[in-house]
Amino acid sequence: MDHIKEPPGGWENMWVEGRTLWDLGEATPIVVHLCETGSLPNGRALVPGCGTGYEVVVMANPDRQVIGLELSKTSVERSTKMFTSLPNSKHFSFLKEDFFTWQPTEKFDLIFDYNFFCAFEPKVRPLWAKRMQELLNPGGELITLMFPLSGGRTPGPPPYLVSVSAYEELLIPLGFEVISIVDNELAPDTRKGMEKVGRWKKSV
């Protein structure tokens with residue numbers, strides 16, 4: 001993919017070789033909490049860079065059809081095989097597509113960016129924001145899990161450092177309004193203090 005600098009060996013090889021240290025082995029707790037409390041919009045939902053797709057599965061229900069997007073063929077095949085027998089499997093699907101060039105037949109009411117933004121170098125991030133604007137319906141919601149915010153990490157390679165202001169500078173000019181930006185109190189131990197949850201509404 002030309003849009004981002006891939007890690008050594010590329011994303012596909014990382015999945016083939018099992019070098020997926022970002023994979024928690026379950027849905028990240030904040031998503032589980034949002035689902036259990038009925039805090040997510042219904043309709044069509046997208047999880048770009050979904051990885052194994054635990055969040056895709058947790059979010060999917062009769063009122064919310066969820067698509068998980070991934071670059072890795074191995075990841076998509078693995079996820080489809082893992083989850084195809086679940087009771088809610090007709091409410092989610094996994095696609096091997098490039099987020100920047102994919103053209104879905106319909107827009108989305110909810111997009112969940114689960115540490116997807118941090119995969120991109122700062123120079124690529126305006127393209128990320130533009131795609132979010134293009135893919136969301138008016139009034140739709142974007143949820144961003146902002147990580148890593150601090151912790152002495154180097155600027156790259158992925159994950160690249162992020163900041164609240166980086167999101168604001170990209171999204172607000174494109175018609176997004178901040179609903180809330182709060183510390184992720186449910187972050188895994190390794191991310192405590194380095195992760196926030198941003199909720200944004202596309203107003204136009």
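What you see below is based on every heavy atom in this structure, not just the backbone, and it leaves out hydrogens, waters and symmetry mates.
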* Asked: So Trp128 and Leu171, side chain to side chain contact (heavy atoms under 4.5 Å, CB included) or not? Walk me through it.
  -> CA-CA 10 Å; Trp128 168 93; Leu171 293 173; 3.8 Å; yes
* Asked: Can you check whether Gly140's main-chain N or O pairs, donor with acceptor, with Asn137's side chain at less than 3.5 Å?
  -> no
* **Backbone of Glu141 reached by a side-chain donor or acceptor of Lys202 within 3.5 Å** => no
* Structure fact -> In terms of heavy-atom contacts, Glu26 and Glu55 come closest through O-OE2, 4.0 Å
* Say whether Leu95 and Phe108 are linked into one hydrophobic cluster, either directly or through other cluster members, by side-chain heavy-atom distances under 4.5 angstrom. => yes
* Heavy-atom distance under 4.5 Å between the side chains of Ile181 and Met146, does that happen here? -> yes
* Are Val182 and Leu186 co-members of a hydrophobic cluster defined by side-chain heavy atoms under 4.5 Å apart? -> yes
* To do: Measure the SG-CZ distance between Cys50 and Phe116 for me, rounded to the nearest 0.5 Å.
  => 9.5 Å
* Asked: Has the side chain of Ser79 got a donor or acceptor atom that lies under 3.5 Å from a matching backbone atom of Thr52?
  -> yes
* To do: Answer with yes or no after comparing the ring centroid distance for Phe120 and Tyr160 against a 6.0 Å cut-off, counting only values under it.
  => no
* Mind running side chain to side chain contact (heavy atoms under 4.5 Å, CB included) on Leu110 and Ile143 for me, showing each step along the way? => CA-CA 8 Å; Leu110 169 65; Ile143 299 179; 3.9 Å; yes
* What are the two closest heavy atoms between Ser93 and Val56, and how far apart are they? -> O-CG1, 4.4 Å
* **Among Phe176, Phe117, Trp200, the one residue meeting side-chain contact (heavy atoms from CB on, under 4.5 Å) with Met132** => Phe176
* Asked: Would a 4.5 Å heavy-atom cut-off, applied to side chains only, mark Lys107 and Leu136 as touching?
  -> no
* **Side chain to side chain, Asn88 and Asn61, heavy atoms closer than 4.5 Å** => no
* Transitively linked via ILVMFWY side-chain contacts under 4.5 Å: Met82 with Val76? -> yes
* Option among Asn115, Ile30, Leu149, Thr190 that satisfies the side-chain contact (heavy atoms from CB on, under 4.5 Å) test with Glu195 -> Asn115
* Give the intermediate values and the outcome of salt bridge (Lys or Arg N to Asp or Glu O under 4.0 Å) for residues Lys81 and Glu77. => CA-CA 6 Å; Lys81 183 177 180 179; Glu77 291 177 348; over 6 Å; no
* Validation row: Leu86, Val57 side chains within 4.5 angstrom (heavy atoms) -> yes
* Side chain of Ser89, backbone of Ser85: donor and acceptor closer than 3.5 Å? -> no
* Walk me through it: do Val31 and Glu36 pass the test side chain to side chain contact (heavy atoms under 4.5 Å, CB included)? => CA-CA 9 Å; Val31 172; Glu36 290 178 345; over 6 Å; no
* Pairs flagged by salt bridge (Lys or Arg N to Asp or Glu O under 4.0 Å) wherever residues 175-187 is involved - sequence neighbours left out -> Asp183-Lys196
* Identify the residue among Leu71, Leu135, Ile111 that makes a side-chain contact (heavy atoms from CB on, under 4.5 Å) with Pro48. => Ile111
* **Expected output: side-chain Gln65 to main-chain Arg44 donor-acceptor under 3.5 Å** => no
* Should Ser75 and Arg78 count as side-chain neighbours, where that means a heavy-atom distance under 4.5 Å? -> no
* Can you get from Leu142 to Val164 by hopping between Ile, Leu, Val, Met, Phe, Trp and Tyr side chains that sit under 4.5 Å apart? -> yes
* Polar side-chain atom of Lys192 near backbone of Ala187 as donor-acceptor pair, under 3.5 Å -> yes
* Cys118 and Pro148, any side-chain heavy atoms less than 4.5 Å apart -> yes
* **Side-chain heavy atoms of Thr28 within contact of Leu145, under 4.5 Å** => yes
* Asked: Donor-acceptor pair, Arg64 side chain versus Met59 backbone, under 3.5 Å?
  -> yes
* **Side chain Arg131, main chain Trp102, donor-acceptor under 3.5 Å** => yes
* Asked: Is there a side-chain contact between Leu40 and Arg199 (heavy atoms, below 4.5 Å)?
  -> yes
* To do: Determine whether the aromatic ring centres of Tyr114 and Phe147 lie less than 6.0 Å apart.
  => no
